[in-house]
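One structure is given here, and the rest of the page talks about it.
Keep in mind that what you see is a predicted model, and the values were worked out from it rather than measured.
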Amino acid sequence: MKGLGTDEDAVLMLLTSRSNDQRQQIKAAYKKAYGKDLVGALKSELGGLFENLIVALLTPPALYDASQLHKALKGAGTDDDVLIEILASRTGEQIKDIVKVYKKEFGGKLEKDICDDTSGHYQKLLVNLLQGSREKAVYEDKIENDAKDLFAAGEAKFGTDEETFINIIGNRSPGHLKKVFDAYRKLSGCDIEDSVEGETSGNLENLLLAVVKCVRNVPDYFAGRLYKSMRRAGTDDSTLMRVMVSRSEVDMLDIRASFQKKYGASLYTTIQEDTTGDYQKALLYLCGGSD
């Protein structure tokens with residue numbers, strides 16, 4: 001960054017090839033050596049989507065998620081897609097960290113801010129997920145009953161008992177729910193996703209489907225999010241960036257494999273076709289290679 005102009009390639013190579021922990025150490029070492037905040041210095045040198053991506057990479061994961069949620073709640077209107085994506089896909093421990101960081105950083109309670117912005121059964125399931133207290137065990141003796149209760153709450157009755165869907169899908173462990181979904185298919189002849197789509201609507205439907213997809217296969221869920229962010233008129237850069245940053249050290253290889261399998265295209269090539277410049281280069285480094 002010294003002197004006229006910026007060596008974007010150096011910034012790009014250094015930051016995309018390090019882990020988030022290493023980036024935090026680089027930030028601290030930079031401050032010590034030059035008495036300046038690295039994020040502030042980069043912001044004054046870079047611009048546009050590339051700047052946003054680099055700043056995101058330098059943010060610790062829990063703070064990044066917390067700030068994404070804050071932005072989703074505090075702007076004009078609510079960005080429900082962001083609430084749904086983060087709360088459906090993060091582990092209980094991650095959610096507890098996000099809640100703590102949110103309070104520290106924004107001085108408010110995440111639960112209160114969510115309740116101020118949402119309502120009804122959708123709100124109830126969000127608050128449920130926000131507790132980060134999903135069960136850990138598989139209860140063999142409850143599998144059949146849970147499947148029957150879900151069937152009775154939806155397909156088997158006129159109208160829908162949303163509470164049952166929220167209680168079972170929002171609280172049981174992923175291992176337990178996978179078995180419940182198998183039992184449900186045998187019992188009803190259709191997948192739980194079909195029933196959720198037929199019995200619920202709007203944000204509640206979207207949130208239940210996201211939770212079900214994450215229970216079945218988290219990388220698969222994110223492959224779908226990435227595909228949707230790119231394969232339409234105009235790119236949804238905020239989703240593309242958020243998923244690439246937050247999953248780059250978690251399950252990017254699995255997401256790539258899933259993307260290839262589902263859509264018959266390489267994630268790397270799809271990013272290449274949809275983006276440009278240093279922003280594109282940085283995303284491709286995070287992707288890690290073509291399939």
Side-chain angles (χ1 to χ4, degrees), residues 15-16 18-32 36-43 49 51-118 122-136 170-171 174 203 207 210-211 214 218 221-222 225 237-252 255 282 286:
L15 295 177
T16 53
R18 302 295 182 268
S19 70
N20 196 283
D21 280 349
Q22 289 170 323
R23 290 183 209 123
Q24 302 315 316
Q25 290 170 27
I26 293 168
K27 249 165 54 176
Y30 188 92
K31 179 96 183 186
K32 203 172 165 188
K36 282 182 191 163
D37 170 48
L38 178 57
V39 174
L42 283 164
K43 274 181 164 178
L49 292 167
E51 177 195 320
N52 295 348
L53 181 58
I54 293 298
V55 170
L57 287 171
L58 282 160
T59 311
L63 175 56
Y64 182 59
D65 279 348
S67 49
Q68 290 288 303
L69 289 168
H70 185 256
K71 199 168 128 198
L73 292 160
K74 290 298 173 194
T78 309
D79 189 340
D80 292 291
D81 282 355
V82 175
L83 300 187
I84 290 169
E85 179 193 298
I86 293 176
L87 293 181
S89 66
R90 304 302 189 253
T91 65
E93 290 314 304
Q94 286 172 323
I95 287 175
K96 284 174 181 167
D97 287 344
I98 292 165
V99 170
K100 273 187 214 151
V101 172
Y102 190 95
K103 187 161 174 36
K104 189 179 163 206
E105 208 55 35
F106 305 110
K109 277 194 166 169
L110 179 52
E111 186 174 322
K112 183 187 180 303
D113 289 349
I114 283 177
C115 286
D116 288 347
D117 264 41
T118 59
Y122 170 56
Q123 179 196 83
K124 193 163 187 183
L125 182 52
L126 285 172
V127 170
N128 195 324
L129 295 170
L130 203 54
Q131 307 317 305
S133 55
R134 189 180 278 287
E135 293 164 0
K136 303 278 194 287
N171 289 308
N203 286 324
L207 179 55
V211 174
C214 288
V218 174
Y221 169 69
F222 280 111
R225 293 287 293 150
D237 288 294
S238 56
T239 299
L240 173 58
M241 200 183 302
R242 186 176 55 254
V243 175
M244 294 302 290
V245 169
S246 60
R247 306 316 288 185
S248 60
E249 289 174 58
V250 185
D251 47 9
M252 188 51 72
I255 291 170
L286 291 176

Which pair of heavy atoms, one from [X] and one from [Y], lies closest together, and at what distance?
{"X": "P61", "Y": "N20", "answer": "CD-OD1, 3.5 Å"}
{"X": "L58", "Y": "L42", "answer": "CD1-CD1, 3.4 Å"}
{"X": "R134", "Y": "L129", "answer": "NH2-CD2, 3.6 Å"}
{"X": "R242", "Y": "V82", "answer": "NH1-CG2, 3.5 Å"}
{"X": "G170", "Y": "N128", "answer": "O-OD1, 3.5 Å"}
{"X": "Q24", "Y": "P60", "answer": "NE2-N, 3.6 Å"}

Exercise for review: Just do the side-chain contact (heavy atoms from CB on, under 4.5 Å) check on Q94 and D65 with the steps written out, would you?
Suggested key: CA-CA 9 Å; Q94 286 172 323; D65 279 348; 5.8 Å; no
Review point. Does the R247 side chain pair with the main chain of F222, one donor and one acceptor, at a distance under 3.5 Å?
Key: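 A pair under 3.5 Å: no.
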Practice item. State whether the side chain of E249 and the backbone N or O of S19 hold a donor-acceptor pair below 3.5 Å, judged by distance alone. Key: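 No.
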So, do [X] and [Y] sit near enough that their side-chain heavy atoms are less than 4.5 Å apart?
{"X": "L53", "Y": "D237", "value": "no"}
{"X": "L57", "Y": "R18", "value": "no"}
{"X": "S246", "Y": "R90", "value": "yes"}
{"X": "I114", "Y": "E111", "value": "no"}
{"X": "V127", "Y": "K124", "value": "no"}
{"X": "K31", "Y": "K36", "value": "no"}
{"X": "R225", "Y": "D81", "value": "yes"}
{"X": "L83", "Y": "L73", "value": "yes"}

Exercise for review: Decide side-chain contact (heavy atoms from CB on, under 4.5 Å) for C115 and Q123; before the verdict, give the C-alpha distance in whole Å, the side-chain angles of both, and the deciding distance to 0.1 Å.
Suggested key: CA-CA 6 Å; C115 286; Q123 179 196 83; 3.8 Å; yes
Review point. Between Q68 and E85, is a side-chain contact (heavy atoms from CB on, under 4.5 Å) present by the stated rule, with each step listed?
Key: CA-CA 11 Å; Q68 290 288 303; E85 179 193 298; over 6 Å; no
Once you round to the nearest 0.5 Å, how far does [atom1] of [X] lie from [atom2] of [Y]?
{"X": "L69", "Y": "K74", "atom1": "CG", "atom2": "NZ", "result": "12.0 Å"}
{"X": "L125", "Y": "L207", "atom1": "CG", "atom2": "CG", "result": "4.0 Å"}
{"X": "K100", "Y": "L110", "atom1": "NZ", "atom2": "CG", "result": "14.0 Å"}

Review point. Any chance the side chains of Y122 and D80 put a donor and an acceptor closer than 3.5 Å?
Key: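 Yes, because at least one side-chain N or O of Y122 sits under 3.5 Å from a partner of the opposite role on D80.
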**Study point:** Residue pair Y102 / D113, side-chain donor-acceptor N/O under 3.5 Å
**Key:**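 Looking only at side-chain atoms, D113 and Y102 do form a donor-acceptor pair, the distance falling under 3.5 Å.
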Review point. Within a reach of under 6.0 Å around NZ of K27, are more than 12 heavy atoms found that belong to other residues, nucleotides or ligands?
Key: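 Yes.
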Practice item. Output yes when D79 and K71 qualify as a salt bridge under the 4.0 Å nitrogen-oxygen rule, no when they do not. Key: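 Salt bridge: no.
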Check your understanding: Pick one: which of D117, D116, N203, T118 meets side chain to side chain donor-acceptor pair (under 3.5 Å) with T78?
Key ->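 It is D117, the one option of D117, D116, N203, T118 that forms the side chain to side chain donor-acceptor pair (under 3.5 Å) with T78.
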Practice item. With side-chain contact (heavy atoms from CB on, under 4.5 Å) as the test, would you mind laying out the steps for Q131 and K96 before giving the verdict? Key: CA-CA 7 Å; Q131 307 317 305; K96 284 174 181 167; over 6 Å; no
